[in-house]
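Below: the structure, in C-alpha cells.
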Amino acid sequence: MGKIIVPFGSQHIALPEPISFLFETENEIITKVEAHIGYVHRGIEKAAITKFEYTQLPYLTARVCGLCSITHAGAVVHGIEKLMDIEVNKRIDYLRMLVVELDRIHSHLLANGHVAEVVGYENLFMQTFRAREDVMDVLEAITGNRVQYDYQTIGGVARDMDSEIAEFAKKKLKKLKDNVLKVMEFHDSDYTFGLKTKGIGVISKEMAAKYNTAGPVARASGLDTDVRAEFDYLPFEEVGYKMQLRSEGDVWARNMVRFDEILNSIEMCENILNNLPEGEYKVKVKGRPKGEVVVRVEAPRGECFYYLRGSGKKVMDRVRIRVPTYANIPILKELFLGAKYSDAQAIVLSFDPCMSCTAR
Amino acid sequence: MINVILTILAPFFGGIVYGIERVVKARMQRRVGPPLMQPFYDFFKLMDKRPIMIHSLHALMGIMYFIAEWFALGVLLLGNDLLIAVFFHVIAVLSLVVGASSVRSPYSVLGALRELMHMISYEPLMVLMVVALYLVVGSFDIKDILSYDGYPILKLPFVFIAFLLTIPMMLQKSPFDVAEAHQEIIGGPEIEYSGPFYEALYTGKWIEYIYVFTFVFLFGGSHYWLGALLVIFAFLFVNLLDNSTARLDFRRMVKFAWGFLIPMAAFNVILLALFE
Amino acid sequence: MGVLVALNVVVPWIVALIIFLSKKDVVTNVLTFLMLPILIFTAYLAYIQPHPVLVETPKWLDLLITLYDFGLLGYFLYQGIVRKSGLIAILATIQILFLIIVLIMMPHSQTPNIYVDSVTLMFYLIVAIVGVPIAIFATKYMDYGEKGKHSFVAIVVWFLGVMNLAVSVNNIEWFFALFETTTLASYIMIGFRGDKEAINNSNLALWMNQIGGIAILIALMIFIKVNGVYHFSDLLKHPTIISMAALGFLSLSALVKGAQMPFHKWLLGAMVAPTPVSAILHSATMVKIAPYLILRISPIIKGTLLAKLLIIATGYVFVVAAVIALTQNNFKKILAYSTISLLGLMMLAAAVGTPIAVSASLILIIFHAFAKGFLFVEAGVLEKVFHTKYIEQMRRLIEKAPLTLMFIFFGFLNMTFVPFGTFIGKWMMIEEVSNFLQHGSYILLILYVGAGSAFLSILYMKVLGVSVRKAHGIEKISFVKLPKRFNFVSVWYYVWLLAITIFIAPFIADFIVPIAKSIAGEPEIYATGLTLHMYNSTLYFWQIFGALILLLLIHVLPYFVKFKADIVHPYNCGENFPRHMETWNFECLAKYEGYFVAFSIALFIMVVVLGGGLL
Amino acid sequence: MGFFSKFRKKSPWILHYNTGGCNGCDIEILSALAPRYDIERFGMLNRGNPKQADILLVTGPVTKNCKDVLRRLYLEMAEPKVVVAMGACAHGGGIFRNFYHVENGVNNIIPVDVWIPGCAPRVEALIDGMVEAIEIWQQKSKEKEYLRDHEKVIKTLGVEDDG
Amino acid sequence: MLKMFIESFKNLVSEPETIKYPFSPSPEPKGYRGVIHYNEELCIFCDKCENICPPGAIKFVVVDYESGKKEYNYNPYLCIYCGACVRECPKADDGCLVQVEKRMPPLGRSVPKGKELGYFINRIENPKEVEIKWREIEEMNVKSKEEYKAYKRAKRVKKI
Amino acid sequence: MVNPNMQIEEVTLDNVVDKIKEFYDEREWNFITINATDLGGEIQIDWLFSKYRAKNIIKIFRANVSYDAFIPSIVPVIPSAWLAEWELADLFGLDVENATTGVFIAPDGPKAPLRVDTKL
Ligand code: SF4
Ligand code: SF4
Ligand code: SF4
Ligand code: SF4
Ligand code: SF4
Ligand code: SF4
Ligand code: SF4
Ligand code: SF4
C-alpha cells in the first residue's frame, strides 16, 4: 500500500543528459531502484577502431564527453605518444597541464552549481555559474573554444600561448579566486543548503573502497586516491598539486572537495603561468602506434582509464575507455535505497555523473 | 468601490506583481531578467497555443482552480468575514488537488499530495491569524479591520512574523516550494496542464498573490501607508528569502509550521487575550 | 404527545416483528419502504406539537423496564460465559450488582419518565429521514450473498425504534436500560456474520460499552445519593448543586458510546459487519447518543472545569482521529475514524455550551448524520457492486463507478467544505470561542478546529485523489447500472443535503436556533432571506450559492464537460515505464498511534478524575 | 495572425533534451541560463516539461536508445512548436556520423526548424539560433503538424498499464 | 542563508552582469575557432584536409576527370571546428584554408552563403535539404573518386 | 612496446575468480575494470587493478577465451564489477554469469558490435 512509481529521467529537468532511474517510493521514501544507463551509447569504441585513424582519435575521444574533453584527448595522446615513443618537452607538458586544470575548475564549478540548482537553491546556482564564466573566458582565449578544446594533439598542443593571453589568464584567475572563495563560503555555511546536503547520500570510507569509487566521490569519503598522484603522465607535483580529502562522505563533502580542488587548481594554474618554460609547442612525429598500453588520467570526476592497442596500422586495434562515472554507478545505485525522493536529485548530481562517457 | 475594482482586476494586478517579482528575482541574481510585462506575454502566448489535454476532467479542474481562486479573493474583498475567506481558499486547493490527482502522472500525483502538506502547514495558521486580528479589532469584518484606529502589527508582531514565513508556503517559494519543486517534480500539480488550461492555473497563481498580500495589508489597520509599507516589506523579504534558501523537504516544512510558527502565533494570541 | 411518542417508537418495532416473522422479500421490501413516509409523518406530527412536554407513563412500564434490564444484563452475563469472556461476565455482574444497589437506593419520584423536547424531536426526524433509508438500503444490500437478510433488516428497524425511545426518556435508569439496549443491538449486529473476527469485535464492542453502562450506573448512584434526583429534567432544574462527579461519569459514558479514544476500537470493529450496520451506527443512531448526552447536561457543565477538560479531550480526539485516519487504507475504516473525529467535534461544541456552540453542535449532528449515512451507503455499494474495499483498489474508481464516486465526492464535500453544515458548525465555533480566549483550553480549541478541519480536508482529498485518477484520453465513462434501491437511497440523501445547504440560513434560523434556545438560551443567529448572520458576521447568500455552484461544478461537471482538444499522454520523462500510483500512507504517523492513544487515556482519566472533582 | 499571436515571440519556453551528445552543448545551455547570458531576457524559461514548452532544444546525434523518448517528447508538445537542433552532432550526427548506434541527427526522427552549428556552439550562437527559432515560431500556425505516422506513433509509443 | 540574504540584497542594488547580446555586441575573442574559409586558387588538392577531418565535413568531388578538377564541399553544420584540417593543410600559411574568428550563423529560414564556404552550401536553397544533399555529396565523393581512379587507371593503361 | 608498469598474470577462466579473490584486498587495490579485446578468433579478457598510494602499478589478470566461453562473475568478490560484466555480455556477446543484456544496445541495435567480424 502506498506504492508510487516515480521515474527520474531520461528527460528530466534536473538531468543534463539521459539516464533514467525508476524509483518505487512509499511516502516518497525510495524502496526500490532500477537504473538504465545506456541511453548515450553511440559506439565510440567500435568507431575508434574502424572509422578513425589514430591521428583523428583525440578529436573523437574529446567528444566522449564535453566536460573533460581535454582529459580524454589527453589520455589518448599520452597513450599514443607512449606507443610511438615520442618525448615531449616541458613547455608542452605545462601547457597541457594548464588546460587540464582549467578544465577541472570549470567542470567542478559546474557540478557544484548544478547541485545547488537541484536542491532548489537557484541563486547559488546563478552565483556559482557567474564565477565560472571567468574560467570559461580563459579557456576560450587559450584554446579558441569554450567547451571542446581540441587542444592536445599528438606530439604537442594545437597552438602556442603568447604572453598577452597569459596576462589575461592571470588577471582572470585572480578574480576567479575571489569569486570562488565567496561562493565556497555560501556552500560551506549556508544553513538550508546544509539541510539538503549534509548527511545525505553518505558513503563511508569502507564503502568507497569496497565499491571502488573514484575521484571526488572517493576523496570526499576519505579514500585517498587520485591518479595525479598514482600515475605519471604530467608533472603535477612540480606545480603544487596536493590531494584534497574530506571525511564526511555526503553530498556536501563532495561539493567541498571539489571546491578544495578548484582552489588547488587555481594555485597550480598560477604556478604554471608564472613558470612557463620556453620551447616549441609541438615536436616532430614519426611512425605508427604499436603495442599495448594502459593510461590512467585524472578527469574532474576521477580516474579515467584507457587501454590502447595498436599493431602498426593507421587504425588502432582496441580503444577501451573506462570513465570515472562508470566506476561510481554501482555505489550510486546503493545510495538510493531508503533515501527520500526529494534527495535523489542531489545525490545523483553530487556524483557529477557523466553518462555520455559511461555508455560511450 | 475600490475593492470591487481590485477584485475584478485581480488577475491584472496579480500579473503585475508577478512581473515585478520576476524582475526583482533576476536582479537579486545579478541578471537582467524578463521585461516587466512578461507574465502577460506568457498569458497571451498560452492562450494562443493549440489546446491539448490529458482528459477533460483534468483540464476542467485547472479552470475551476482559477475561478475558485478568484472567488475566494472576491469573498475576501467583497464579503466581510475573513474566516470565511480563509475557508474559501480551500475550494481552490480542492480543485487543484483533484485535478492534479486525476492524471496518471507520478509527478502530478506527488505534487498534489505535497500540496496537501502545504495546506496542513498554512491553513491552521491562517485561522489563528484571523482570530488574532479579531482579538485586536473586535471584528471579523475586513471593513472594521481596515478602519481600526490602532496598529494591529504592534500587537501582533509574532503573528505577523509567522505569517511572513507562511507566505512562501502559499506562494510556492523557496524554501517551501515543495509542491512545485521544479527540479524534483517539475511543477507538481501544474505539470500536465498546457496551453489555455495551464494559463488558467498560471493566472490563478497571480490572484493568489493579491490574496496573500491583502492579508499582509490588514496588519496596517486604518493606516494604509503602513499597510502598503508592510506589503512592500513582505514582498522584498519573501523574495530575498526565496533567493537565499534551498528547498526544504516537505516533512521539514510541516514540522517547521507546527513546531515553530503555530506555537509562536498562538503565544502571541494568548498574550494578547490575557492583557486585553 | 404520548401517542405520537409511542407511535414513533412502536411502529418500527411492529414492522421489525412482522419482517422477522414473515421472512418474505415482498413484505420486507414493502414495509421498509412504507416506513419512510409513516415515520417521517409521525415525527413531523410530533415536531409540530407544542414542546417540551413531559409524558406520564403507567407504573407497570417502570417495572417492565426494570425486569428488562435484568434480563438484558443476564443475557450479557450469559454471553460472557458462553463466549468464555471473563471480562464481559465480570462487567455484567458488576452492572447487575450496581443496578440492584441503584434500585434499592432509588427514592420515589413524581417526575414523568418521558421527556420530549426539541432535541428529542430533532432526533426523531433524523431517525426517520436518515435512518429508515438505511433499512431500505439494507434490504437490497443483503441480497448480495449475505445470509439472514430478514432478521438483519428486522434488527435494523427495531433498532431505530430503540433509538427513538432512548432520546425520549427522562428517567436515567430507563436511559441506562436503553443505553444497554443500543449496546446489545451493536453487539448483535457487529457479530451478525458470525465469523471469528465478527465475534471478537462484537465482544470488544460489548465490554467497552458495558464500561459506559457502569459509568451511568455510578453516576446514577451518586445522583441519587447526593441530589436525590434521577431525571434529566430534574437535573436541569437545580443546576448549581449537581454533583460534578456524577456528571463526570455521565460524560464518561458519553465518551465511550461516542467511541472517543481510547475507546475507539469498538466502532472500528463494526467494520466487519455488513455495511448498513456501520451506516446505522455512524449516522442516525448509537454514537449520536454521545453528543446527545452531552447536550443534555451541557447547561449544567457549561463553564466548569469538566467542560474545559471535555473540550481538551474531545478536541484532541478530533485532531488525532483525523491524523490516524490518514494512515488507514480501508475505506470504511477511514470513514469510521472520521466519524470518531467529528463526534469529538460535536461533543466539544456541546461542552462549550454557549447558545451558538450548542447550535454548532446540533448542525454538526444533523449534517454528519446525513453525510455519514450517505457515505456508508456508498461504501456498501462499492463493496457489493464494485468489490472495492481498500484505497488502493479505489484507483481509477471514476472509470469503474462514476456515479458512486460522485456521491462519495459529495459526501466528502459535506464533511469539510464551505458552505456545508459542517463548515458552518466550525465557523460558528471559532467565531464564538474567539470571544473568550482567556482560558488556554479555548485557544487550544481554535487550534483544534483549524488543524482538525485541515487534516480532515487532506484526508478526503487524499482519498478522492486516488479515486478520480483516470487513464489519459478516457472521455466516455461507462455508467454501471446500479440497483434501483441503491440509487433511490443515494439520491434521497443527495437531494436532502443539497436542499438543506441551499436553504441553510433559514434552516438554521428557523429549525436549529429554537432547539438551541431550548437548551442554552437564545443564540445570536438570524437569517435575512437566504443570508445567514451571526453577531455582525455574515455569510452572504452569494457566498453560499457561489461556493455551492463551484463545488457542484467540481464534482458533477467532469461527467458532462468534454473539451474539444487533442489528447496527449501524461509526462513520464518521455519514457514508457509502467505507471503505478497509489497514495501516501503516512506510515510514520502510524508509529505514533500508540502514543496518541496513550495520551488520550491520560486525558480521559483527567476528565473523570479532575473534571468530576474526585480529587 | 490573431491578437494573441503577436505576443508569441515574447515568451518562448524551452524544453531541453540531450539525445546522446557529449554534454558540451548541454553545459552551454546551462551557461545560457546563468547571469552572464540570462536568456530569461527573452522571456525564456527552461520548463523541463513538454506540455508547456514551445521550443524543443535537442542536442546530440540521437542514439537508438533515445529516439523513442525524443519522439514522445515531441508529440507531447502543443502546437505551434519549433525544434532547434543544437551542435554539430544534432545535424547529421556530427562526429558520430554513421556510428552503429546513432540515428545521424535529429531530423531523422522529428522535423527540425533551426540548426545551430558549432561543437560546441558558443552561447551567442545559441541565442542567435533561438532568435531565429522565435521568428519561425511566430509564423507557424496552430494546426497540428502531422509527423509522418503520427497516429501510429502515438499508439505504439504509448503506455498501457496496470490501473 | 543570512549571507546569501545580504548578498541578494546587494545584488538587487548593483548592476546586473548580463551581456545584452544580441542587442549589444559580444564578439568572438581573438583566436576563436570559427568557420573554415577556403581559397580555391591556392589549393593543390592534396586531400589532406579531407582525410583528417574527423566528422567528414570536407568532401572533394571530382567533377572533371579530364582535368582532375575537384570541387571543395564543406558542410559547416557538420563541422566540429577542431581546426585539424588547417593544421594539416600544406598551403594553410598562404591562406588556402584558414579558420576565421567568426561563427557560422544558424540555419533557419535561409541558408547563409559565401564563396569561401565552398560549393556545397552555395548550391542549396532550402535549409531543410542540407542534410539530404550532404548525403548525396558523400556518395558522390566516394563514387567520383572511384570512377576517377578507374579513369586514371584506364588512361594509364591506354598510355602504355 | 609494452608499458613497463603492467604486471600481467595469465589465468584461465576456471581459476580466475579464485586468483582474484586471493589477490584482491579492497584497501590496497583498486579494481579498474574488465576489458575485452577481440584478437580475431579469440577474445582477450583483462581484469585490471591498480594499487592505491603507489606510483604506476597496474596488475592485470589476463585470459584468452573463445567466443562462446562462459565467463564467471567476480561480483561476489568485487560488488561493483557487474557493470563491466554486463558490458562484456552486451558489446562482445559473451556469455557472462548473471548478466543482463540490453543495457547499452537498443533492441534494434546490432548484436555484439565490438567483435571484429561484426562489420558496421
Ligand atoms: S539546466 Fe541542466 S538539465 Fe536543465 S536543461 Fe539545462 S542542462 Fe539540461
Ligand atoms: S570522464 Fe566523464 S566527464 Fe570526464 S571527459 Fe570523460 S565523459 Fe567527460
Ligand atoms: S554529468 Fe557528466 S555528462 Fe553530464 S554534464 Fe556533467 S560531466 Fe557532462
Ligand atoms: S526557474 Fe529554476 S527551477 Fe524553474 S525551470 Fe528555471 S531553472 Fe528550473
Ligand atoms: S515521515 Fe513518512 S510516513 Fe511519516 S508522515 Fe511523513 S511521509 Fe508519512
Ligand atoms: S555538437 Fe559537439 S559539443 Fe555539442 S554535443 Fe555534439 S559533440 Fe558535443
Ligand atoms: S575544422 Fe575540423 S571538422 Fe571542420 S572541416 Fe576542419 S577538420 Fe573538419
Ligand atoms: S589540405 Fe589544403 S591544399 Fe590540401 S586539399 Fe585541403 S585545402 Fe587544398
Side-chain angles (χ1 to χ4, degrees), chain A residues 35-43 45-47 49-51 79 82-85 205-206 208-214 218 223-225 227 229-233 289-296 303 305 307-310 317-318 320-323 326-331 333-334 358-360, chain F residues 1-6 8 24-40 43-44 46 48-58 60 62 75 77-84 86-87 90-91 100-106 109-110 112-116 118-120:
Chain A
H36 302 252
I37 51 169
Y39 286 95
V40 201
H41 183 68
R42 293 155 296 199
E45 287 182 0
K46 178 75 174 179
I49 54 173
T50 51
K51 289 193 162 50
K82 269 218 167 137
L83 290 181
M84 293 166 63
D85 264 334
K205 189 174 172 182
E206 291 71 37
K210 187 168 165 215
Y211 282 90
N212 299 300
T213 54
L223 184 64
D224 46 347
T225 170
V227 179
E230 287 173 15
F231 198 84
D232 274 328
Y233 62 108
K290 189 161 165 28
E292 61 176 342
V293 68
V294 295
V295 183
R296 300 171 70 206
E303 173 192 355
F305 165 88
Y307 172 83
L308 301 171
R309 188 187 177 99
D317 278 357
R318 175 75 171 126
R320 159 72 163 152
I321 312 168
R322 196 233 57 175
V323 294
Y326 192 92
N328 286 337
I329 289 276
I331 193 158
K333 225 177 130 186
E334 303 296 315
T358 305
R360 291 153 316 214
Chain F
M1 191 207 97
V2 173
N3 189 324
N5 312 316
M6 287 155 62
I8 300 176
Y24 181 65
D25 174 359
E26 64 184 33
R27 268 154 309 183
E28 285 304 316
W29 290 92
N30 170 33
F31 165 71
I32 299 177
T33 193
I34 304 171
N35 176 38
T37 311
D38 191 345
L39 302 174
I43 292 178
Q44 164 196 322
D46 298 341
L48 298 119
F49 297 85
S50 70
K51 198 163 169 60
Y52 289 131
R53 296 168 287 272
K55 270 229 185 277
N56 301 340
I57 296 182
I58 285 171
I60 298 177
R62 174 166 289 178
V75 171
V77 189
I78 302 165
S80 60
W82 55 267
L83 186 51
W86 292 10
E87 189 186 317
D90 238 15
L91 300 187
T100 310
T101 51
V103 178
F104 295 102
I105 306 291
L114 280 187
R115 291 191 187 172
V116 273
T118 314
K119 286 276 175 274
L120 292 163

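Convention: sequence-line order gives letters A, B, ...; per-chain numbering from 1. As the structure is a prediction and not an experimental result, all values here were calculated from the model.
- Residue contact with chain A, scored on non-hydrogen atoms closer than 4.5 Å, is absent for F/A81.
- Comparing A/H41, A/R318, A/E45 by heavy-atom pairs within less than 4.5 Å of chain F, the highest count is held by A/R318.
- Using a 4.5 Å heavy-atom threshold, the side chains of A/D317 and F/T37 count as separate.
- Contact check for F/I58 versus A/R296: side-chain heavy atoms found under the 4.5 Å cut-off.
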### Task
Please step through side chain to side chain contact (heavy atoms under 4.5 Å, CB included) for the pair F/I32 and A/Y326, ending with a clear verdict.
CA-CA 10 Å; F/I32 299 177; A/Y326 192 92; over 6 Å; no
### Message
Checking A/E292 against F/Q44 for the side chain to side chain contact (heavy atoms under 4.5 Å, CB included) test, could you report, in this order, the C-alpha distance in whole Å, the side-chain angles of both residues, the deciding distance, and whether it holds?
### Response
CA-CA 12 Å; A/E292 61 176 342; F/Q44 164 196 322; 4.1 Å; yes
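- Of the atoms belonging to A/Y233, not a single heavy atom falls under 4.5 Å from chain F.
- With a threshold of 4.5 angstrom between heavy atoms, A/E303 approaches chain F through side-chain atoms but not through N, CA, C or O.
- Going from atom CG of F/N30 over to atom NZ of F/K51 covers 11.5 Å, rounded to the nearest 0.5 Å.
- Of the atoms belonging to A/K333, it is side-chain heavy atoms, and not backbone ones, that fall under 4.5 Å from chain F.
- Ranked by non-hydrogen atom pairs under 4.5 Å with chain F, the options A/H36, A/R309, A/E334 are led by A/R309.
- Neither the backbone nor the side chain of F/E28 has a heavy atom closer than 4.5 Å to any heavy atom of chain A.
- Looking at F/D90, there are no atoms closer than 4.5 Å to chain A (heavy atoms on both sides), in backbone or side chain.
- Interface residue F/I78: only side-chain heavy atoms are found under 4.5 Å from chain A.
- When side chains are defined from C-beta on, F/P113 counts as touching F/I105, because their heavy atoms get closer than 4.5 Å.
- Counting heavy atoms from C-beta outward, F/W82 and A/I329 have side chains that approach closer than 4.5 Å.
- Between A/R320 and F/T33, some side-chain heavy-atom pair lies under the 4.5 Å cut-off.
- The parts of A/Y211 that come within reach of chain F are both its backbone and its side chain, each placing non-hydrogen atoms under 4.5 angstrom from that chain.
- Proximity to chain F is limited to the side chain of A/L223, based on heavy atoms less than 4.5 angstrom apart.
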